[in-house]
Amino acid sequence: QVQLVESGGGLVQAGGSLRLSCAASGRTLSSYTMGWFRQAPGKEREFVAGMTGVNTYYADAVKGRFTLSRDNAKNTLYLQMNSLKAEDTAVYYCAAVRAYSPGRYDQSREYAYWGQGTQVTVSS
């Protein structure tokens, strides 16, 4: 089992940047498929970005603005968010699953482990 703790959220002006961190304990992060999801008030949780092995993939809404990376030595996943927009405002969740096949994991039901979330607020 893996435990996930997100950090790095906050209030930023539109056009600004934030870097979210997802620190894992209990298991080696590189053994898992990782994902970031977000949920805005009154909306369903939606996929943001994912990493399977060394492959990364993004939702169209964030492609070109967000970058996913992983530091294996720190067992931490990062989401660098640039050119932030008001519509990026949401609670951001880190998620993990022990996946045994390659592919794009962009559905929340596919993930077994979740962090508690971190709030990102972008003011326009």
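Just the heavy atoms: all of them, side chains too, but no hydrogens, waters or symmetry mates, feed the values below. Note that the coordinates shown come from a computational prediction; the quantities given were computed from them, not determined experimentally.
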Inset, instruction - Give the intermediate values and the outcome of side-chain contact (heavy atoms from CB on, under 4.5 Å) for residues Y78 and L20. - result: CA-CA 6 Å; Y78 300 101; L20 304 184; over 6 Å; no
Inset, instruction - Decide yes or no on side-chain contact (heavy atoms from CB on, under 4.5 Å) for Y32 and V97, but give the supporting numbers first. - result: CA-CA 6 Å; Y32 288 77; V97 63; 5.6 Å; no
In terms of hydrophobic clustering (I, L, V, M, F, W, Y; side-chain heavy atoms under 4.5 Å; direct or indirect links), are [X] and [Y] co-clustered?
{"X": "L68", "Y": "W114", "answer": "no"}
{"X": "Y113", "Y": "V48", "answer": "yes"}
{"X": "F66", "Y": "V12", "answer": "yes"}
{"X": "V91", "Y": "L77", "answer": "no"}

Taking [X] for its side chain and [Y] for its backbone only, find out whether a donor-acceptor pair lies under 3.5 Å.
{"X": "T89", "Y": "T121", "result": "no"}
{"X": "D88", "Y": "A14", "result": "no"}
{"X": "R98", "Y": "S31", "result": "yes"}
{"X": "N72", "Y": "N75", "result": "no"}
{"X": "Q116", "Y": "E6", "result": "yes"}

Inset, instruction - Would you list the pairs meeting ring pair (Phe, Tyr, Trp, His ring centres under 6.0 Å) in which at least one residue belongs to residues 83-110, sequence neighbours left out? - result: none
When rounded to the nearest 0.5 angstrom, what distance separates [atom1] in [X] from [atom2] in [Y]?
{"X": "S108", "Y": "R45", "atom1": "OG", "atom2": "CZ", "result": "6.5 Å"}
{"X": "E87", "Y": "S124", "atom1": "CD", "atom2": "OG", "result": "9.0 Å"}
{"X": "Q119", "Y": "Q39", "atom1": "CD", "atom2": "CD", "result": "11.0 Å"}
{"X": "T56", "Y": "R70", "atom1": "OG1", "atom2": "CZ", "result": "10.5 Å"}
{"X": "E110", "Y": "R104", "atom1": "CD", "atom2": "CZ", "result": "10.5 Å"}

Restricting to non-hydrogen atoms, name the atom on [X] and the atom on [Y] that form the minimum distance, rounded to 0.1 Å.
{"X": "L29", "Y": "C22", "answer": "CD2-O, 4.4 Å"}
{"X": "S83", "Y": "R65", "answer": "O-NH1, 2.9 Å"}
{"X": "T67", "Y": "Y58", "answer": "CA-OH, 3.5 Å"}
{"X": "A49", "Y": "L79", "answer": "CB-CD1, 4.2 Å"}
{"X": "S21", "Y": "W36", "answer": "O-CH2, 3.7 Å"}
{"X": "C94", "Y": "M34", "answer": "SG-CE, 3.7 Å"}

Inset, instruction - Kindly write out the residues that satisfy side chain to side chain contact (heavy atoms under 4.5 Å, CB included) with N82, not counting sequence neighbours, or none if the list is empty. - result: S17, Q80
Legend entry - Check: K85 and V122 side chains under 4.5 Å, non-hydrogen atoms: no
Inset, instruction - Could I get the full list of ring-ring contact (aromatic ring centres under 6.0 Å, His included) partners for F47, not counting sequence neighbours? - result: F37, Y57
Inset, instruction - Just do the salt bridge (Lys or Arg N to Asp or Glu O under 4.0 Å) check on D60 and K63 with the steps written out, would you? - result: CA-CA 5 Å; D60 288 344; K63 200 173 295 183; 3.2 Å; yes
